[in-house]
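Since the structure comes first, as structure tokens, the remarks are kept for the end.
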Amino acid sequence: MSQMPTAKPSLRTIAMPADANPDGDIFGGWIMSQMDLASGVFAAQEIKGRVVTVAVDAMTFHKPVYIGDDVSCYCRVVRYGNTSLVVLVETWVQRHHSEQVEKVTEGRFTFVAIDGEGRPRPLNIVEK
Ligand SMILES: CCCCCCCCCCCCCCCC(=O)SCCNC(=O)CCNC(=O)[C@H](O)C(C)(C)COP(=O)(O)OP(=O)(O)OC[C@H]1O[C@@H](n2cnc3c(N)ncnc32)[C@H](O)[C@@H]1OP(=O)(O)O
């Protein structure tokens with residue numbers, strides 16, 4: 001059986017009936033939206049300021065998400081640029097009424113740090 005990452009998730013929620021199609025599969029757009037939110041909060045905390053999403057790459061839906069699944073998004077920085085950073089997001093579920101955990105989705109979200117006028121600003125951080 002797979003094992004969830006041991007780190008704290010950036011976001012944890014339950015997939016609800018309103019997020020599903022008539023066959024009970026959770027919409028990919030809902031999952032992407034959770035991942036955008038998780039990685040956006042993570043990136044904002046990382047650079048201690050405002051960020052905007054500029055690109056989403058390598059989105060892969062490995063397995064379906066079903067109503068009632070316990071959904072967790074795990075984030076880590078994979079690249080720092082001058083004004084941007086790339087966050088790898090892995091989404092895992094614990095199946096409803098089950099011990100089974102699986103990685104369902106992953107993707108790379110690129111954020112740009114912006115100033116008060118919405119212009120890119122340098123990150124000013126030392127790569128970890
Ligand atoms: C204090 C802490 C509190 C924390 C508490 C949390 C608070 C709560 C947080 C909520 C977090 C919500 C997170 C969701 C955030 C949205 O959903 S935002 C909404 C969707 N996004 C947008 O509307 C962005 C629209 N786009 C823009 O405004 C402009 O294109 C941007 C992003 C400011 C960039 O402006 P630009 O003039 O094109 O910039 P440019 O100088 O060409 O490029 C800047 C950087 O972006 C990169 N870039 C540009 N285009 C691309 C591309 N297509 N692909 C990859 N990289 C690119 C460049 O390579 C460059 O990187 P660096 O080499 O500097 O590292």
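Side chains included, hydrogens not; waters and symmetry mates left out as well; all remaining heavy atoms used. Start at 1 and go down the list; that is how both ligands and their atoms are numbered.
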Filter the ligand 1-protein atom pairs down to N or O on both sides and distance under 3.5 Å, then list them.
from	atom 1	to	atom 2	distance (Å)
ligand 1	21 (N)	Thr53	O	2.9
ligand 1	61 (O)	Ser84	OG	3.1
ligand 1	64 (O)	Thr83	N	2.9
ligand 1	64 (O)	Thr83	OG1	2.6
ligand 1	65 (O)	Asn82	N	2.8
ligand 1	65 (O)	Thr83	N	3.1
ligand 1	65 (O)	Ser84	N	3.0
ligand 1	65 (O)	Ser84	OG	2.6

Taking salt bridge (charged side-chain N to carboxylate O under 4.0 Å, His left out) as the definition, give me every residue that meets it alongside Glu106, ordered by chain and number, with sequence neighbours left out. Lys103

Considering residues at least two apart in sequence or located in another chain, which fulfil the salt bridge (charged side-chain N to carboxylate O under 4.0 Å, His left out) criterion with Asp70? Arg12

Any heavy-atom pair between the side chains of Leu85 and Ile47 that's under 4.5 Å? yes

Is there side-chain contact between Gln94 and Asp69, with heavy atoms separated by less than 4.5 Å? no

For His96, the side-chain hydrogen bond (donor to acceptor under 3.5 Å, both in side chains) test, sequence neighbours excluded, returns none

Option from Met35, Lys63, Gln34 for which side-chain contact (heavy atoms from CB on, under 4.5 Å) with Thr105 holds: Met35

